[in-house]
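Report on the structure given below.
Side chains are part of it too, since the values below use all heavy atoms of this structure and drop only hydrogens, waters and symmetry mates. Indexing begins at 1, ligand by ligand and atom by atom, following the structure's order. This is a predicted model, so every value here is computed, not measured.
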Amino acid sequence: MEKLQAIRGMNDILPENSLSWQYLESTFQRIVKRFGYQEIRFPILEHTQLFKRSIGEVTDIVEKEMYSFDDRNGNSLSLRPEGTAGCVRAADQHGLLYNRQQRLWYQGPMFRHERPQKGRYRQFHQFGVEAFGMSGPDIDVEVLQVAAMLWQELDLEEFLVLEINNIGSAADRKEYSKALREYLQSIEGQLPLDDDARTRMHVNPMRVLDSKHPGVQAALGDAPVLYNFVNDDSKDQYEELKMLLTASNIDYVENPKLVRGLDYYNNCVYEWTTDTLGAQSAVCGGGRYDGLVEQLGGRQTLACGFAIGIERLVLMLDTLHKIPEEALKPIDVYVACVGENVTEQALALAQAIREEQPDLGVISHCGSGKFNSQLKRAFSSGAKVAVILEREGDCNAPLQTGKIRRLDDSIEAQTYEIAAIPKKVAEVLLN
Ligand code: HAM
């Protein structure tokens, strides 16, 4: 019978790769804890309407990329394409946003029906942080410090560039959209637009700016510039943001073309990009979204945050060999047991080592076998040390001694009293 395969663009993460993921996840979780952020978990499925109202009806994500279906009751549901909408829905629904500041983080799978390639998948994973109830730019800088500390701890700082832009308020963008629409209409004849793009030009002209078509980009040369429509308060805040970034030793470059692919942003937006991944260069994206809570039916709530693409970060860590060797070795000790009636003692000794040394990974050999084949398994497990309980002959009395052998050099095995082995193992591992 033909074997079934995973869905295109949806990856299995196998044991050898999951070590990199665990290293990254634990580093991220340690950092957000140090900044006082608390975890929130929310469903993978939400009402389709939630994403339409937040991300925007006329965006690539909502128009082309969502996994949407009607459930058995006829409700339209969608797999979440990002985390911000669900986070806001959950936090508001449970009263976490009313008259309060909140610092939240989440991680988990997201789904977008994009064309899969290196670094771009249909199921991918994000870490996100969202901060509510603060006007910035202090909180924007704090959120960026979280990302910057992550790059620092992962030793990726030199491979990432922070690009920032100020896209002004919703009202500014409305004015700008009007001007841009008029401009696009005036050059409509020169624009190589398909039907979709033509609809966009009328409904959401800023999305025409994202077009990857060289002909469209060429025709946009004299288009009005968003910055000229941005209000003075927003400009002042942006200046202060830049000052605070400099004071916090976070380098940035300004990119006036950065508008982001989701509609909910205002004022400062940013992306951390890298040239180590090929075409999929954005590792982290975010900004302020002060209108979103209200847009989803809540009270006006100041908000900002970002999300990091975990696959892209794992790819960076792997290709740049930045995962510490320690993190890639889950097994430290392999307890081998050879001969008759040693199983009970071997299980007890492995357990005693785990209790004495809670940070070690200890495998107790199962399934009997000759000395050499057990040692082979010990080597292939990646353990640094083998503990060997070996009975020669067929006596029933408990063994008094066992051996410890380092597996990374040719030093002979040393014999110890069994009761002393759990402590000795740690010493041998340290030497
Ligand atoms: P986003 O820019 O759409 O923003 O996604 C954030 C990150 O997720 C990207 O920079 C990228 O690393 C990763 N990513 C996106 N699509 C894919 C894909 N198909 N395959 C692999 N990785 C991908 C958001 O999602 C916003 N919710 C961020 C945010 C949080 N803004 C405010 N708070």
- Note on the structure: Here the ring-ring contact (aromatic ring centres under 6.0 Å, His included) pairs for residues 268-308, sequence neighbours left out, are Trp151-Trp272, Tyr264-Tyr289

- Which protein residues have a heavy atom closer than 4.0 Å to any atom of ligand 1, listed by chain and number? Glu82, Thr84, Arg112, Glu114, Gly119, Arg120, Tyr121, Phe124, Gln126, Glu130, Arg260, Leu262, Tyr264, Tyr265, Ala282, Val283, Cys284, Gly285, Gly286, Tyr289, Gly305, Phe306, Ala307, Gly309, Arg312

- Message: Under a plain distance cut-off of 3.5 Å, with no hydrogens placed, do Ser20 and Asn17 share a side-chain donor-acceptor pair?
- Response: no

- Message: Is the terminal nitrogen or CZ of Lys174 (NZ for Lys, CZ for Arg) located under 6.0 angstrom from the six-membered ring centre of Phe229 and within 45° of that ring's axis?
- Response: no

- Assess the side chains of Gln374 and Arg377: does a donor N or O sit below 3.5 Å from an acceptor N or O? no

- Sorted by first residue and then second, give each salt bridge (charged side-chain N to carboxylate O under 4.0 Å, His left out) pair with at least one member in residues 77-97; sequence neighbours left out. Glu46-Arg89

Compile the donor-acceptor pairs under 3.5 Å between side chains in residues 357-365 and protein atoms, sequence neighbours left out, one pair per line.
residue : atom : partner : partner atom : Å
Gln357  : NE2  : Pro422  : O            : 3.2
His365  : ND1  : Tyr334  : OH           : 2.8
His365  : NE2  : Ser368  : O            : 2.6

